[in-house]
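The figures that follow rest on heavy atoms only: side chains count, while hydrogens, waters and symmetry mates do not. Protein chains get the first letters and strands the later ones, always in sequence-line order, with residue 1 at the start of each.
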2 protein chains.
Amino acid sequence: MRSEDIAKLAGVSRSTVSRVINNYPNVPPETREKVLKVIQQHHYQPNTYARALAGKGTNTIGLFVVSTADKFSTHRIYQNNYFAPFVESVVDTANSLGYYVLIHTLYTLEDYQKVKQACLQKRIDGGILVGTRKEVDVIRELVGLEAPIVLIDYDIGEIIASRLDKSNVSVINSKDYDGAAEAVDYLISLGHRKIGMINGSVNTFSGAERFKAYESVLQRNGLSVEKGYILNGDFLKQNAYHEVRGLLASGQELPTAFFAANDDMAAAAYEAFKEFGLSIPEDISIVGFDDGPIAAQLVPKLTTVRVPIYDMSKEAVQKVVALCEQTVTAFSTVSFPAPLVVRDSCREL
Amino acid sequence: MRSEDIAKLAGVSRSTVSRVINNYPNVPPETREKVLKVIQQHHYQPNTYARALAGKGTNTIGLFVVSTADKFSTHRIYQNNYFAPFVESVVDTANSLGYYVLIHTLYTLEDYQKVKQACLQKRIDGGILVGTRKEVDVIRELVGLEAPIVLIDYDIGEIIASRLDKSNVSVINSKDYDGAAEAVDYLISLGHRKIGMINGSVNTFSGAERFKAYESVLQRNGLSVEKGYILNGDFLKQNAYHEVRGLLASGQELPTAFFAANDDMAAAAYEAFKEFGLSIPEDISIVGFDDGPIAAQLVPKLTTVRVPIYDMSKEAVQKVVALCEQTVTAFSTVSFPAPLVVRDSCREL
DNA sequence: CTGAAAGCGCTTACAG
DNA sequence: CTGAAAGCGCTTACAG
């Protein structure tokens, strides 16, 4: 069924059918009704591609998620607690605005070409990128595209320094530095002096911020930053688990508290400590980051920094859509607060 | 940049450019090289919509996830432990086959129209539906479409009875009846005689199967099915939590074991029991279903039935793609084994 | 208010 | 082996 068929059945021209479909004002109510009736009777839906080709957008946005885990890691699909809420809320928000979402996972640097490709092929009107590494070159290419791009978790400073603050880009962050600082301050206020960190990926904006805050809060309080207390987990549960096990096996003196750059790694630490016979928070305190689904499920419940994933993804979608529809046309950036949520995983010394 | 531009630069016609893009055999190596070079130099990507309009497929499949939770439930985005692994592996498999995936969440009956719409609008070549309720009418409509549809978790019997086993459909299940039976048998073998169930949604195929198995294994063993021991959780953590709390508060005699229709509800039971001062497995044993990410994270680790989500979603993608490309053309169905994974949440009586 | 016609960027018989 | 031309199903100036 094509618009032509509808036109015939309704006794009008394709032009008129098109006008009612697109809600043009210059068609009298009776004509509109007549056409609409035929359309409904036949469950007619205009061909997206033809519309797109003829100049209408595709009403589709791309969601590109940079995976922290390796594509070939067996358990990768279970490792990303950030993923599910993000995807779900992006999809819902987009759908409610009448947009479809095309989703892609990015594992390697080459995979970034996929987003370029999707834009060039006109599959999407615009895109959202989550968890980008600090690959400015890649970003430069993307920004060069005409399609609107919203970056979630990206260093605005870098963008501005590289003069990439083009009008088709937008950045959305959470205040990870502040949140992390609050977390470490909290541990210090409880009397902890030896505080370790289970680090995320420092070539991620949020990863870098969380670590920077950790370092500077320690220094500001006259505490030394011990190399041996900084474990590299790369945001991955498995890595964190091995690192913690390694520290425990080393026989080295342990910190009294750990700040983990995300909940997944905090959960891994829980496991490793328990297996080693240490209880939380009696023997060791832990703070996480994200406040994802697992945080409150852990026993004891995890004290963590809340990243407002829902708000951020909603904002991201609204932003791309606005950019696609040219409602806004300037470089913009928003940063959401990331407050500490105190639960049961830390004790006063 | 259009194919016409490439043609000019390469000194050939659009036809030839099209031939090399589509890998037609009848173009000599030198010509191919020449054209390819220009294409690469200019990062040319053919417009998807034009290709689609001209007869090529869109290389896009739809993934429609029926949400167990309410759209407006605050925590809905955190409630679906089935979701993340599913989406991630569908996306990866599709991408590796050169397909894009359009994703949609279905909350209401009307939302099913979205899949029809996506097909009618030719946005997708085919679709995958996960967690469909037993709405045969909806399915009937979908099956009437020409686009290939793969249903995950759907009653084959119903499809065959309604003569909906058309060549554009395919069904993929896990052997939930067997898995559930194994779980309940296991509890009985440990000496449990009073076994409760935290039920899923029985108007879901898997939900119904899990419950049927529970009932019949009890009966086969001469155990009575106690109404009071059957809690209705509807697959949702929150509901399960309230139901369990309700049972505990009632002062009624408790079963010695519970079989939960999914891990999320088992996790909710963990919480409720712990708050009530009951330890697992000392005071009460629990078996879950899914073996999703949380199963092994719970303390004690959850004994559960493993649903091979990864294999199922991979199979689903391969099937739609095969159907889209007309490699297969018959109604088909696969059912994956769902074995019991014994961990630490049950004790011998 | 409305229709005929051009155009969007491809693919694919058709003819040579 | 290759080009000219028709066609895919829309939208949108243009003219009336």
Side-chain angles (χ1 to χ4, degrees), chain A residues 1-36 38-39 42-60 117-125 146-147 325, chain B residues 1-36 38-39 42-60 117-125 146-147 324-326:
Chain A
M1 181 116 301
R2 301 154 308 139
S3 73
E4 171 118 43
D5 304 321
I6 299 295
K8 255 178 209 147
L9 291 166
V12 296
S13 71
R14 274 146 74 213
S15 314
T16 300
V17 172
S18 182
R19 285 187 189 104
V20 350
I21 287 172
N22 292 295
N23 258 308
Y24 278 32
N26 57 349
V27 35
E30 311 86 66
T31 313
R32 180 180 303 280
E33 288 312 317
K34 197 169 56 179
V35 174
L36 242 25
V38 180
I39 287 180
H42 296 266
H43 301 292
Y44 167 72
Q45 293 280 349
N47 181 309
T48 311
Y49 298 123
R51 298 192 80 184
L53 238 202
K56 291 287 184 190
T58 67
N59 279 273
T60 303
Q117 209 170 77
C119 292
L120 254 23
Q121 291 180 168
K122 303 283 181 205
R123 287 182 178 275
I124 56 178
D125 293 342
E146 66 211 288
E325 298 176 352
Chain B
M1 182 115 299
R2 301 156 307 139
S3 74
E4 172 117 43
D5 303 320
I6 299 296
K8 254 177 209 145
L9 292 166
V12 298
S13 71
R14 275 144 72 211
S15 314
T16 299
V17 171
S18 181
R19 285 187 189 104
V20 350
I21 288 172
N22 293 295
N23 257 310
Y24 279 33
N26 56 350
V27 34
E30 309 87 67
T31 312
R32 180 180 303 280
E33 288 313 318
K34 196 170 55 180
V35 174
L36 242 25
V38 180
I39 288 181
H42 296 265
H43 301 293
Y44 167 71
Q45 292 280 349
N47 181 309
T48 311
Y49 298 123
R51 298 191 79 185
L53 237 201
K56 290 287 184 189
T58 66
N59 278 276
T60 304
Q117 209 170 77
C119 292
L120 253 24
Q121 292 181 170
K122 302 285 182 205
R123 287 182 178 275
I124 56 178
D125 293 343
E146 66 211 288
C324 289
E325 298 177 350
Q326 316 251 342

Given side chains that start at C-beta, do those of [X] and [Y] come closer than 4.5 Å, heavy atoms only?
X        : Y       : result
B:Val35  : B:Val12 : yes
A:Arg2   : A:Asn47 : no
A:Lys122 : B:Thr48 : no
A:Arg51  : A:Asn22 : yes

- Write down the distance separating the C1' atoms in C:dG16 and C:dT12, rounded off to the nearest Å.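 To the nearest whole Å, 16 Å.
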
- Item | Atom P, compared across C:dA5 and C:dC1: separation rounded to whole Å |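 Here C:dA5 and C:dC1 have their P atoms 24 Å from each other.
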
Nearest-Å distance for atom pair [atom1]/[atom2], residues [X] and [N]:
X       : N      : atom1 : atom2 : result
A:Ile39 : D:dC10 : CD1   : P     : 10 Å
A:Glu4  : C:dA5  : CD    : P     : 13 Å
B:Leu53 : D:dA6  : CG    : C1'   : 14 Å
B:Gln45 : C:dC10 : CD    : P     : 11 Å
B:Arg19 : C:dT12 : CZ    : C1'   : 8 Å
A:Lys56 : D:dC10 : NZ    : C1'   : 11 Å
B:Arg14 : C:dA13 : CZ    : C1'   : 15 Å
A:Asn47 : C:dC10 : CG    : P     : 16 Å

Considering only [options], which nucleotide approaches the side chain of [X] most closely?
X       : options               : result
A:Pro28 : C:dC1, C:dT11, D:dT2  : C:dC1
B:Arg2  : D:dC10, C:dC10, D:dG3 : C:dC10
B:Ala50 : C:dG9, D:dT2, C:dT2   : C:dG9
B:Ala54 : C:dG9, D:dT11, D:dG3  : C:dG9

For [X], answer base if it contacts any base atom (sugar-phosphate contacts may also be present), sugar-phosphate if it contacts only those atoms, and nothing otherwise; contact means non-hydrogen atoms under 4.0 Å.
X       : answer
A:Thr48 : nothing
B:Asn26 : base
A:Ser18 : base

- Message: With a 3.5 Å distance limit and no angle check, can you tell me whether B:Asp125 reaches the backbone of B:Asn59 through a side-chain donor-acceptor pair?
- Response: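 Yes.
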
- Any donor-acceptor pair under 3.5 Å linking the side chain of B:Arg123 with the backbone of A:Thr58?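 Side chain of B:Arg123 to backbone of A:Thr58: a pair is present.
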
- Query: Using a cut-off of less than 4.0 Å, is there contact between a side-chain N or O of B:Tyr44 and OP1 or OP2 of C:dC10?
  - Reply: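 For B:Tyr44, the contact criterion (side-chain N or O under 4.0 Å from OP1 or OP2 of C:dC10) is met.
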
- Item | Under-4.0 Å side-chain N/O to phosphate OP1/OP2 contact, A:Ser3 with D:dC10 |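 The answer is yes; a side-chain N or O of A:Ser3 sits under 4.0 Å from OP1 or OP2.
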
- Just name whichever nucleotide pairs with D:dT2, Watson-Crick or G-U, keeping both distances under 3.5 Å, else none.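 Pair assignment: D:dT2 / C:dA15.
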
- Query: Does A:Ser15 make a side-chain donor-acceptor contact with the base of C:dA4, cut-off 3.5 Å?
  - Reply: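 Yes, a donor-acceptor pair under 3.5 Å.
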
